[in-house]
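Presented below is the structure to which this report refers.
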Amino acid sequence: MTRHLIAPSVLAADFGNLAGELEMINRTEADWLHVDIMDGMFVPNISFGPDIVRVMKKYCHKPLDVHLMVEKPERYLDHFAEAGAAHISVHIEACPHLHRVLQQIREMGIKAGVAVNPHTSVSQLEDILEISDLVILMSVNPGFGGQKFIYQTLPKIRQLREMITVRNLSTQISIDGGVGLQNAEAILQAGADILIAGTSVFKSDDPAAVVIAFKNLGGFEY
Ligand code: DX5
Ligand code: ZN
């Protein structure tokens with residue numbers, strides 16, 4: 001059985017104390033730091049750019065899992081690679097030439113991911129799965145932290161797990177948005193590998209304990 005991973009989403013951190021928040025995450029059992037980049041076009045919100053990611057890389061010792069909610073993300077791949085991204089995920093809805101973009105990410109020695117909005121069927125991943133190291137299934141509409149988990153994501157996880165298994169691939173499934181201790185076990189049992197959690201980790205009184213509680217949940221056996 002593969003153990004699942006936990007990726008706190010820095011969007012929910014206190015940016016007035018960014019270094020302190022990242023040092024706190026370093027002391028937890030979190031596996032990755034999820035980093036949300038929003039351009040005000042693909043999504044209604046704007047977050048931050050590569051210069052801030054470079055600062056995060058300096059303070060955070062966990063791999064940076066960069067999620068680009070950006071139109072034409074190919075314009076910025078090298079910026080985020082240089083800033084220290086370990087993984088870069090782009091949205092299927094933002095990329096007419098997704099295959100090429102994933103190849104470009106891999107050629108930089110970075111794990112390549114595809115992010116999928118709630119309205120997009122996972123069947124659209126059929127011809128891209130083989131060159132995807134990661135799939136981020138959005139369980140909220142992207143743009144903001146602290147939203148409610150969309151339960152229609154659970155059958156999508158099961159369907160994607162089946163697609164990965166029959167192809168004998170090692171593509172990992174991340175779930176992003178509204179993930180908390182109340183729904184994480186169902187998410188894992190549906191076949192997810194990685195839980196991305198912003199509010200439920202950073203806004204808790206004891207983020208390290210929440211991370212441990214996530215890690216101790218039963219997962220999917222395959
Ligand atoms: C949503 C972002 C998420 C967000 C998750 O657009 O992609 O990564 O930070 O935050 P929570 O866990 O608060 O829903
Ligand atoms: Zn995200």
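All ligand and atom numbering here is 1-based and tracks the order in the structure.
Remark: the backbone N or O of D36 is paired with a side-chain donor or acceptor of S47 at under 3.5 angstrom. Of the possible polar contacts, none joining the D65 side chain to the H87 backbone as a donor-acceptor pair under 3.5 Å is found. The backbone N or O of I164 sits nowhere less than 3.5 Å from a side-chain atom of T171 that would complete a donor-acceptor pair. Checking side-chain atoms of E93 against main-chain N and O of N117 turns up a donor-acceptor pair under 3.5 Å. Judged by distance alone, the side chain of R100 and the main-chain N or O of H97 form no donor-acceptor pair under 3.5 Å. A side-chain donor-acceptor contact under 3.5 Å links D39 to the backbone of E71.
No more than 12 heavy atoms of other residues, nucleotides or ligands sit less than 6.0 Å from atom CD of E130.
For the pair Y76/V90, no side-chain contact is recorded, criterion being any heavy-atom separation below 4.5 Å from C-beta on. Residues F202 and I25 meet the side-chain proximity criterion, which asks for heavy atoms closer than 4.5 Å.
Around the Zn ion (ligand 2), protein N, O or S atoms at less than 2.8 Å comprise H34 NE2, D36 OD1, H67 ND1, D176 OD2.
Among protein residues, S9, L11, H34, D36, M38, H67, M69, M138, P142, G143, F144, G145, G146, D176, G177, G178, A197, G198, T199 come within 4.0 Å of ligand 1, judged on heavy atoms.
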